[in-house]
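To start, the structure itself, in structure tokens.
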Protein chains: 2
Amino acid sequence: MEKIASIISVGNEILKGRTVNTNFAHIGRILTFAGYRVQRGYVCEDTTEGISETFREAVKHSEIVVSSGGLGPTFDDITVDSVARAFSLKMVKNDHITTILRNHYSSLNLPLTPEREKMAYLPEGAGYIENPVGIAPGVVVNVGSCRIILLPGVPTEMEALMGLAKDQYLYGGVYCEKSVIIENMMESTIAPVITAIMKKHDGAVYIKTHPLNSENILPKIEVEVSSYGSERIDCAELVTTAISEILKAAESLKGRHDDATTL
Amino acid sequence: MEKIASIISVGNEILKGRTVNTNFAHIGRILTFAGYRVQRGYVCEDTTEGISETFREAVKHSEIVVSSGGLGPTFDDITVDSVARAFSLKMVKNDHITTILRNHYSSLNLPLTPEREKMAYLPEGAGYIENPVGIAPGVVVNVGSCRIILLPGVPTEMEALMGLAKDQYLYGGVYCEKSVIIENMMESTIAPVITAIMKKHDGAVYIKTHPLNSENILPKIEVEVSSYGSERIDCAELVTTAISEILKAAESLKGRHDDATTL
């Protein structure tokens, strides 16, 4: 059985639609391929109540929660503090991070202001992941049986830290996924076939169609087949079998598939 | 006081990171400029429990909820049915939509299968928005004092229906926003100034900095100032005043601003 994950995006800029949430997709992709089932996503405002409430909710449903945003030096970078409040943890200044910050700002001839020093405070008992491309470290907090990983919002920093977090902290199981593109095929035409194939495999594979055009003109769909499990070879075989069954059915429904479009 | 909105994205493809959630940003932008404060966002799986639970949660906190995804003809397009279940509403076949569907598929020489006919079922009492570029209509359900608007997930269809929904159903108040780009400026350097200016305006303007580079190299930030209110002229004036104050302070901190970069 796969482990359950949630993703939290912190930031008014996401809610307002100023920023397209590419971080969410990046984190979702890595969690999924690390074998987690990402079951819920949340976007919350930069307020203590909004952040605290969202993390408390996510932890209830998840074995791992990964967030991005709100770790920097500005007044509204309050993710770490809000998570500490959510779970009644004290904030403790970390000496190692303080040294990194002091060295960094002093190399730029800048003082370690309270806004900058804030980044050295962690919830008691928390771990951290040093930031190889920026300043704010990632923060790792265990709450009961759930692990929370807090990452910054700047995509390059988030990606670097998510890579490190993956190696150190993520293992949910095995996940395989394969897609084929079928032309001259409406979602509504292939729908009964998909349902039957999923039923035949008794929940071991999941099949989803994605329309690549509107149904009205030049119908074209991507059919995605995926499977969670514990052995890579079993998952891969299941996915390959289901793909063959789909293509055979599609052909009899006058769908066109080119081998080059197996993704 | 601005009205509160939530956005729900339905679909495993978002959670798995296969699809970058551009719909969320589009809906967020339109809701914000219609004067709503978008306070919460949710992403949920294509399961009845996942969708029902998410809508029940969102309705508790919102005057308007806009979702995208799950309105089509496949087995996992279950948003409308799940929303009906969430609020114990019967599903009723709509004659007008049935006629549209029958005409559409018969013009393509295709039968009205159960999968296709499913799109004609609405929760009792719900309204609908005809889809000018696709098949599945938008659905409008009022639950207590909250209005729920369900849109399809295909971006072109979502955008067309969101435009129509905006004209017919959205009015939250007035929102103004303006951004300036300041070079040679770190977030952590300007942070105390931003806090002071927000305090001076006593919550009437909101100021957020967005780093456009990492703090380490060529620091450059976008400063966004926004205001919600009831009169456009007041909001615009407040935003303009705060922008001038920020630029004056930035200059004294050796920041560079070019008039061309006022967005």
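Proteins come first, then strands; the chains are lettered A, B, ... in the order of their sequence lines, and each starts at number 1. In this text, all values refer to a predicted model and were calculated from it rather than measured experimentally.
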Quick check for you: among [options], which has the greatest number of heavy-atom pairs under 4.5 Å with chain A?
options                               : result
B/His210, B/Glu115, B/Lys118, B/Arg29 : B/Arg29
B/Gly41, B/Ser107, B/Ala191           : B/Gly41
B/Ile207, B/Thr195, B/Ile8, B/Asn12   : B/Asn12

[X] vs [Y] side-chain heavy atoms within contact, under 4.5 Å:
X        : Y        : answer
A/Lys16  : B/Phe33  : no
A/Val20  : B/Val20  : yes
A/Thr189 : B/Arg116 : yes
B/Phe75  : A/Pro192 : no

Sort [X] into side chain, backbone, both or neither according to what part of it lies under 4.5 angstrom from a heavy atom of chain A.
X       : answer
B/Leu31 : neither
B/Thr19 : backbone
B/Tyr36 : neither
B/His26 : neither

Look up atom [atom1] in [X] and atom [atom2] in [Y], then write down how far apart they are to the nearest 0.5 Å.
X        : Y        : atom1 : atom2 : result
A/Asn21  : B/Asn23  : CG    : CG    : 12.5 Å
A/Glu13  : B/Thr32  : CD    : OG1   : 11.5 Å
B/Ser188 : A/Leu110 : OG    : CG    : 7.0 Å
B/Asp76  : A/Tyr206 : CG    : OH    : 4.0 Å

No-hydrogen, no-angle side-chain donor-acceptor test under 3.5 Å, B/Ser179 and A/Arg18
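A/Arg18 and B/Ser179 do have a side-chain donor-acceptor pair below 3.5 Å.
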Please report the closest heavy-atom contact between [X] and [Y], naming both atoms and the distance.
X        : Y        : value
A/Met186 : B/Leu108 : CE-CD1, 3.4 Å
B/Gly11  : A/Lys208 : CA-NZ, 4.0 Å
A/Leu15  : B/Gln39  : CD1-O, 3.5 Å

Examine whether an atom of A/Thr209 lies under 4.5 Å from a heavy atom of chain B, and if so say whether it belongs to the side chain, the backbone or both; otherwise answer neither.
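Interface part for A/Thr209: side chain.
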With a 4.5 angstrom heavy-atom cut-off, could you sort out which part of A/Ile14 is near chain B: side chain, backbone, both or neither?
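Both parts, backbone and side chain.
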Sub-3.5 Å donor-acceptor pair from the side chain of B/Arg40 to the main-chain atoms of A/Val43, do we have one?
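Not at all, since once roles are kept as given, no pair shorter than 3.5 Å links the two residues.
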Residues of residues 46-57 of chain A near chain B, each having a heavy atom less than 4.5 Å away:
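When heavy atoms of chain B are the reference, residues 46-57 of chain A contributes A/Asp46, A/Glu53 within the under-4.5 Å range.
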Other residues, nucleotides and ligands only: do more than 12 of their heavy atoms fall within 6.0 Å of CG on B/Asp202?
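Open: at most 12 neighbouring heavy atoms sit under 6.0 Å from CG of B/Asp202.
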